[in-house]
Amino acid sequence: AKLHEAAVNFGFYDEFHLSKAFRKKYGQSFKDYLNNYRMEQAADYLLHTDKKIAQIAEDVGYRDLDYFVNRFIQVKGCTPAKFRKNMLQN
């Protein structure tokens with residue numbers, strides 16, 4: 001529903017047309033862009049706050065902690081805890 005609302009607000013007929021225009025302009029789907037943005041936000045929170053990983057996951061829009069951790073591993077190559085530990089040691 002949110003993507004449909006965004007499409008209408010930006011003058012597109014539906015989500016498909018908004019998604020197509022987004023991909024053409026940014027070279028990736030809106031979903032990929034949003035997931036990458038969320039992971040960068042999570043990485044920033046890991047480095048600059050002492051929030052628990054579950055709270056960070058929720059703050060960046062993930063309700064399922066396991067899904068968040070798996071996505072983080074796909075993007076960053078390690079768990080959020082290991083990322084925090086490794087980056088803060090350097």
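One-based numbering along the sequence shown. Remember, it's a predicted structure, so these values are computed and weren't measured experimentally.
In this structure, A43 and F72 approach most closely via the heavy-atom pair N-CE1, 4.2 Å. Closest heavy-atom contact between F22 and Q28: CD2-O, 3.4 Å. In this structure, L65 and A57 approach most closely via the heavy-atom pair CD1-CB, 4.1 Å.
Distance CD1/I53 to CZ/R84: 6.0 Å, rounded to 0.5 Å. With rounding to the nearest 0.5 angstrom, the SG atom of C78 is 9.0 Å from the CE atom of M87.
For Q74 and R71, the side-chain atoms include at least one donor-acceptor pair closer than 3.5 Å.
Counting only heavy atoms from C-beta outward, the side chains of L46 and K85 never approach each other to under 4.5 Å. For the pair F68 and M39, the minimum side-chain heavy-atom distance is below 4.5 Å. Looking only at side-chain heavy atoms (C-beta outward), E15 and L18 stay at 4.5 Å or farther from each other. Between V69 and P80 the shortest side-chain heavy-atom distance falls below 4.5 Å.
Linking Ile, Leu, Val, Met, Phe, Trp and Tyr residues whenever their side-chain heavy atoms come within less than 4.5 Å leaves Y37 and Y26 in two separate clusters. At a threshold of 4.5 Å between side-chain heavy atoms, the hydrophobic network of Ile, Leu, Val, Met, Phe, Trp and Tyr places V75 and L34 in two separate groups. Hydrophobic cluster membership differs between F16 and F12, with clusters built from Ile, Leu, Val, Met, Phe, Trp and Tyr side chains linked at under 4.5 angstrom.
Shown here are the side-chain contact (heavy atoms from CB on, under 4.5 Å) partners of K31, two or more places apart in sequence or in another chain: S29, N35. In this structure, the salt bridge (charged side-chain N to carboxylate O under 4.0 Å, His left out) partners of E40, at least two apart in sequence or on a different chain, are K76.
Between Y62 and the choices V60, D59, D64, the side chain to side chain contact (heavy atoms under 4.5 Å, CB included) rule is met once, by V60.
Other residues, nucleotides and ligands contribute more than 12 heavy atoms inside 6.0 Å of the NZ atom of K51.
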Side chain to side chain contact (heavy atoms under 4.5 Å, CB included) for D44 and T49? Distances and angles first, verdict last. CA-CA 8 Å; D44 188 61; T49 73; over 6 Å; no
